[in-house]
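Please read all numbers here as calculations on a predicted model, not as lab measurements.
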There are 2 protein chains.
Amino acid sequence: MRTGKGVEWAVHTLLNLAWLGDGEPVPTARLAAVHDLSASYLNKQLQQLVKAGLLESVPGARGGFRLARPLEAVSMLDVVLAVEGDDPLFRCAEIRRCGTIGERVPAGGFSRPCAVNTAMGRAELAWRKALAAQSLADVRAEAEAHAPAVGSYVRGGFGRD
Amino acid sequence: MRTGKGVEWAVHTLLNLAWLGDGEPVPTARLAAVHDLSASYLNKQLQQLVKAGLLESVPGARGGFRLARPLEAVSMLDVVLAVEGDDPLFRCAEIRRCGTIGERVPAGGFSRPCAVNTAMGRAELAWRKALAAQSLADVRAEAEAHAPAVGSYVRGGFGRD
DNA sequence: GGCCGCTTACTCGGATATCGAATGTCCGAGTTACTTAGG
DNA sequence: CCTAAGTAACTCGGACATTCGATATCCGAGTAAGCGGCC
């Protein structure tokens with residue numbers, strides 16, 4: 001069980017767009033080239049971000065993607081849910097109702113949710129809260145604290161130095 | 001991204017063994033039948049639990065699996081790690097080092113960990129802590145609070161009423 | 001010179017292959033319990 | 001009757017298919033910019 005690499009690609013791309021500063025749209029090919037990613041596959045992830053309202057897409061020549069909101073208004077959870085979907089990490093198949101045990105439980109015996117599902121749900125809630133508590137602006141700030149020149153590296157990588 | 005169904009199967013099986021009470025080994029076929037599961041695939045998950053020290057296997061006729069420790073000494077995290085492995089949910093591919101941006105960073109510029117990885121790691125840590133905070137005994141207690149007769153249902157499903 | 005329509009090139013968006021992991025199945029090695037013959 | 005070896009059945013354990021989702025790719029619809037002709 002692991003998150004797809006689309007999440008990593010999406011976060012780095014959003015940060016790069018922020019470091020570029022201007023609101024100019026950037027095409028997928030360029031966003032992919034700066035990190036040696038598959039442009040077509042990155043495009044798929046960016047489309048998910050557009051659907052989620054994190055990016056705006058500009059069609060036609062000189063088009064591309066631009067940030068739809070400031071990083072302060074985007075949490076890590078927003079990105080993860082946009083890319084991976086909002087399905088729960090643990091999907092309860094209700095196996096307690098099946099087989100010779102399930103048959104023995106009288107009607108109404110399953111009115112309360114499955115305790116296993118509840119326990120897994122508590123852990124997932126903690127995960128989501130921790131993700132929601134961190135905005136992309138926080139991540140950017142931490143990256144700049146580690147390497148203050150990261151913004152210039154990014155602009156240089158896009159050929160704008 | 002979702003957890004495999006092996007986790008659900010393993011937790012329910014461990015709880016069922018506890019509700020049976022006696023330390024008698026139970027074969028895979030019976031453990032699977034009570035919830036209409038694939039016996040061979042459940043067997044694979046149970047082998048993981050044996051490797052992790054949560055179950056003991058008894059070979060030969062009248063053999064099967066039995067609990068290796070009381071439920072109080074088994075956390076939900078133990079089960080998840082035993083079944084799914086201890087790989088991190090988010091695997092950082094270090095794409096920051098690749099492409100035209102990565103080439104522009106001078107040597108030593110990546111001494112600090114990737115901020116994206118750190119942020120995802122914080123969330124995963126919260127998830128693991130929430131799982132570790134819940135023992136299987138807690139889950140059993142919650143299930144019994146919902147349906148006090150669950151133990152008798154289980155014993156009946158195994159043909160021991 | 002200014003304006004309008006056309007062409008062209010570029011971009012997104014979704015439909016289409018490919019790959020790997022999770023899921024599911026099968027058979028052999030090993031062990032235990034039972035049987036049965038002997039003392 | 002008790003014992004002990006032989007037999008047979010049962011179980012785990014791992015090797016072998018299959019299915020599904022993630023990954024990667026490609027091509028068409030649509031749009032904006034640039035160009036050329038016309039007023």
Closest heavy-atom pair and its distance - B/F158, B/R30
CE2-O, 4.0 Å

Within this structure, what is the CD-to-C1' distance between A/E84 and D/dG21, rounded to whole angstrom?
11 Å

Heavy atom of residues 25-57 of chain A under 4.0 Å from DNA chain D: which residues?
A/S38, A/S40, A/Y41, A/K44

Which residue lies toward the 5' end of DNA chain C, A/P59 or A/R2, if each is placed at its nearest nucleotide?
A/P59

Smallest separation among heavy atoms of A/L49 and A/A82, with atom names
CD2-CB, 3.8 Å

The answer to which of A/A61 and A/T3 contacts DNA chain D further toward the 5' end, by nearest nucleotide, is A/T3

Minimum heavy-atom distance B/D36-A/C98, with the two atoms named:
CB-CB, 4.1 Å

Looking only at heavy atoms, what is the nearest atom pair of B/A130 and A/A123, with distance?
CB-CA, 3.6 Å

Passes side-chain hydrogen bond (donor to acceptor under 3.5 Å, both in side chains), B/S75 versus B/D78? Steps please.
CA-CA 5 Å; B/S75 70; B/D78 293 330; 3.1 Å; yes

Please give me every residue in residues 86-96 of chain A whose heavy atoms get under 4.0 Å of an atom in DNA chain C, ordered by residue number.
none

Can you identify which nucleotide, out of D/dA33, C/dT31, C/dA33, has its nearest atom closest to the A/R62 side chain?
D/dA33

Rounding to a whole Å, what distance do you find between A/M1:CE and C/dA22:P?
10 Å

Do A/L89 and A/E84 touch side chain to side chain, with heavy atoms closer than 4.5 Å?
no

Are B/W9 and B/Y41 an aromatic pair by the rule of ring centers under 6.0 Å?
yes

Between B/R66 and B/D22, does any NZ, NE, NH1 or NH2 come within less than 4.0 Å of an OD or OE carboxylate oxygen?
no

